[in-house]
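The next block holds one structure in the form of structure tokens; read it before the comments.
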Amino acid sequence: MQAVAHYTAYKPRPFTREERQHVTILFGGLTWKHERLIQATMHNLGYNAQPLPNIRRSDLDAGKELIDVGACCPTIFTTGNLVNFLKSEVARRGRDEVVNKYVFLTAGACGPCRFGQYHESYTMALDGLGLRDFRLFLLAQNQLDQGAAAGGGLEINLALSLGLVWAILCADVLTDMEYLTRPYEVVPGQTEEVLRESIEELYEVFRNRPIQGREGNKWKILGWHYLTDYFTDALERVRKKWEAIEVDRLRVKPKVKITGEFWLQTHEGEGNYNMKRWLEQEGAEVIPPPVAVWLDYLLHSPILKLEKRRRHERRARLKIAIIRALEHIFHRTYNRFRQALGGLPYELPDQEELKRLADPYYHYELRGGEGHMLVGKALYAYLHKKAHMICELSPYSCMPNTMSIGAMAQVQGKYPDMLYAPIEVKGDAEIHALSRCQMILTEAKKRAQQEFEQALAETGLTVEAIRAVEARHPELTRSTYRIPHYGYAGTAANYVVHIARKWRRALA
């Protein structure tokens with residue numbers, strides 16, 4: 001009689017401190033900008049670290065071969081990405097060297113989203129590859145200090161976590177700069193060139209962060225990150241690079257806010273049909289989703305639970321006060337980074353407002369995926385006239401996203417003129433998804449043009465008059481010149497109003 005083989009959960013071999021010198025930590029899942037600065041933070045603390053290659057369509061095929069066929073596409077893509085990398089390394093170095101030379105670090109979570117099961121997919125794929133003894137470790141998103149992993153080779157302490165968070169915030173504000181500038185650049189490719197120079201300069205800043213040896217003093221580490229000008233000085237130097245980029249803000253473009261499942265909305269590449277670049281090629285200005293909004297959500301969400309326990313838990317008030325203080329540090333840091341770049345990157349939406357906006361349609365206690373934020377962010381962009389159109393990227397077979405799309409049907413019933421494009425991404429069927437988006441984008445283009453003409457009519461300006469002002473004030477054509485929001489969604493319309501208000505005398 002055959003013995004029953006019971007299921008055993010994956011447990012990695014220890015990663016010892018002595019192995020740090022010759023073992024490389026693999027990671028991935030964000031944009032190349034975020035990953036480069038995360039790599040710098042890891043290098044700063046003495047780790048060998050390497051991001052996985054950017055996601056390709058071939059990763060989807062590899063993932064499908066090895067994990068549950070019902071998995072959502074981010075799970076399949078990211079698993080396939082790891083699989084393809086390991087397969088190529090095994091072919092190059094041999095199996096034993098790969099399992100000893102690399103470990104994989106990934107974020108972990110729980111709840112109805114499959115994100116909580118990513119590591120199970122990875123272990124299933126490792127089994128399929130015959131690499132069960134390959135080591136992967138989970139980084140909990142809501143714990144800044146988790147101590148040392150088995151063996152002490154990886155220490156998830158405050159020096160590492162704050163470095164990662166600060167790196168993500170810097171990458172976020174530079175990503176905003178990128179998407180604000182590229183659609184209007186006069187010299188094609190200049191934004192990309194300056195962006196890469198900026199990221200490399202920040203890589204050196206994070207790589208040389210003077211934090212070594214302070215791991216034991218948590219308050220000192222937090223105080224140094226919060227109070228010093230080390231990072232803002234670096235961003236101000238970066239801002240000078242962006243001043244060299246000439247832009248033409250009279251190009252009328254619809255503004256498209258990207259929302260959706262965390263990985264799909266953040267990703268830049270074949271994993272989401274290259275949606276952001278495709279929208280730009282179709283003539284749009286894209287508002288990318290900062291990772292900081294998700295971190296802000298993780299930070300803010302325990303407050304509600306604690307407020308309910310106030311009567312029964314003596315320390316609930318104290319815990320709420322601590323979280324509020326951390327929220328203040330987080331927002332102040334993000335705003336300092338924005339200010340260092342001339343106040344151009346977008347401000348973070350208020351979590352309480354997102355919750356209030358979404359509340360009639362999607363209860364904020366229904367956790368999973370981005371939860372109520374999908375609805376809240378769409379309404380925030382629409383009601384504040386931040387965008388002409390919302391493009392929501394949802395994974396095929398994603399339960400939380402399916403719920404939010406259902407809630408958005410009611411939102412559209414109340415706001416029928418909201419331009420909303422829910423795009424389901426499954427890896428294939430790209431033409432179908434893009435053509436669907438294109439139909440709604442066509443209407444967004446019309447609205448952007450109508451806004452622009454309305455702004456010209458209201459101000460009495462002409463394009464020729466504005467060009468004449470630009471000729472006398474070339475600073476207006478610099479990418480770092482800030483155009484305030486005057487109630488129009490489009491950049492060109494707000495630019496017209498700005499010229500009229502600020503240069504009225506010159507135009508008379």
Side-chain angles (χ1 to χ4, degrees), residues 31 175-195 242 245-260 264-265 267-270 272-289 344-346 378 381-382 385-393 417-423 425 430-457 462-463 466-467 470 476-479 481 483 485-499:
T31 74
T175 299
D176 267 5
M177 289 291 288
E178 172 194 1
Y179 283 93
L180 283 166
T181 305
R182 187 167 47 225
Y184 304 100
E185 65 184 4
V186 172
V187 179
Q190 193 177 6
T191 303
E192 194 74 22
E193 186 181 330
V194 170
L195 176 66
W242 290 78
I245 303 177
E246 184 183 355
V247 294
D248 178 7
R249 293 192 178 89
L250 288 177
R251 295 173 184 170
V252 181
K253 292 177 178 291
K255 206 178 272 187
V256 181
K257 170 66 181 168
I258 302 290
T259 67
L264 279 178
Q265 65 170 350
H267 177 65
E268 295 174 341
E270 295 180 13
N272 62 6
Y273 307 137
N274 252 315
M275 184 59 77
K276 295 170 193 168
R277 282 302 183 104
W278 178 83
L279 282 166
E280 283 190 355
Q281 288 165 8
E282 289 295 311
E285 177 187 341
V286 172
I287 304 177
L344 285 167
Y346 295 101
Y382 171 74
K385 293 188 182 298
K386 298 287 186 182
H388 298 97
M389 166 182 162
I390 292 99
C391 179
E392 180 177 326
L393 301 173
D417 60 336
M418 174 191 281
L419 295 180
Y420 169 64
I423 304 298
V425 180
E430 180 175 353
I431 298 300
H432 173 75
L434 296 183
S435 64
R436 177 184 169 82
C437 192
Q438 200 168 37
M439 285 190 290
I440 302 168
L441 184 63
T442 301
E443 180 59 29
K445 287 180 180 177
K446 289 179 189 173
R447 292 194 186 180
Q449 186 64 38
Q450 287 167 358
E451 266 191 350
F452 180 66
E453 291 169 4
Q454 185 182 340
L456 288 175
T462 63
V463 170
I466 295 171
R467 294 293 189 206
E470 287 178 341
L476 287 168
T477 61
R478 299 294 103 193
S479 69
Y481 189 88
I483 307 299
H485 186 253
Y486 292 103
Y488 287 111
T491 297
N494 283 311
Y495 185 56
V496 170
V497 177
H498 180 68
I499 296 290

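Count residues from 1 along the sequence. What you see below is based on every heavy atom in this structure, not just the backbone, and it leaves out hydrogens, waters and symmetry mates.
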Practice item. Would you please test Tyr382 and Leu419 for side chain to side chain contact (heavy atoms under 4.5 Å, CB included) and show each step? Key: CA-CA 9 Å; Tyr382 171 74; Leu419 295 180; over 6 Å; no

Practice item. Let me see the working for Arg447 and Glu443 under salt bridge (charged side-chain N to carboxylate O under 4.0 Å, His left out), right down to the final yes or no. Key: CA-CA 6 Å; Arg447 292 194 186 180; Glu443 180 59 29; 3.6 Å; yes

Point to revise | side-chain hydrogen bond (donor to acceptor under 3.5 Å, both in side chains) contacts in which one or both residues fall within residues 278-288, not counting sequence neighbours | key: Arg182-Glu280, Tyr184-Glu285, Glu282-Gln438, Glu285-Thr491

Review point. Which of these passes side-chain contact (heavy atoms from CB on, under 4.5 Å) with Phe452: Gln449, Gln454, Gln450?
Key: Gln449

Using side-chain heavy atoms (C-beta onward) and a distance below 4.5 Å, is [X] in contact with [Y]?
| X | Y | value |
| --- | --- | --- |
| Asp176 | Leu344 | no |
| Tyr179 | Leu279 | no |
| Cys391 | Ile258 | yes |
| Ile466 | Leu476 | no |
| Val425 | Met275 | no |
| Pro289 | Lys276 | yes |
| Tyr486 | Val496 | no |

From [X] [atom1] over to [Y] [atom2], what is the distance, rounded to the nearest 0.5 angstrom?
| X | Y | atom1 | atom2 | answer |
| --- | --- | --- | --- | --- |
| Glu185 | Glu178 | CD | CD | 10.0 Å |
| Met177 | Ile245 | CE | CD1 | 7.5 Å |
| Met389 | Cys437 | CE | SG | 3.5 Å |
| Arg436 | Ile423 | CZ | CD1 | 5.5 Å |
| Glu430 | Asn274 | CD | CG | 8.0 Å |
| Lys257 | Tyr420 | NZ | OH | 13.5 Å |

**Study point:** His432, NE2 atom: more than 12 neighbouring heavy atoms under 6.0 Å
**Key:** no

**Study point:** Over 12 foreign heavy atoms within 6.0 Å of NZ, Lys445
**Key:** yes

Considering all heavy atoms of both residues, which atom of [X] and which atom of [Y] are nearest to each other, and what is their separation?
| X | Y | answer |
| --- | --- | --- |
| Pro254 | Gly283 | CD-O, 3.3 Å |
| Ala455 | Ala493 | CB-O, 3.7 Å |
| His388 | Ala444 | CB-CB, 4.1 Å |

Exercise for review: Walk me through it: do Thr181 and Gln190 pass the test side chain to side chain contact (heavy atoms under 4.5 Å, CB included)?
Suggested key: CA-CA 10 Å; Thr181 305; Gln190 193 177 6; over 6 Å; no

Review point. Is a side-chain donor or acceptor of Asn272 paired with a backbone partner of Leu264 at a separation under 3.5 angstrom?
Key: yes

Practice item. State whether the side chain of Asn494 and the backbone N or O of His485 hold a donor-acceptor pair below 3.5 Å, judged by distance alone. Key: no

Practice item. Identify, with sequence neighbours excluded, every residue that meets ring-ring contact (aromatic ring centres under 6.0 Å, His included) alongside Tyr488. Key: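 Testing Tyr488 for ring-ring contact (aromatic ring centres under 6.0 Å, His included), a comparison that skips the adjacent residues, returns none.
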
Review point. Residues in ring-ring contact (aromatic ring centres under 6.0 Å, His included) with Tyr481, at least two apart?
Key: His498

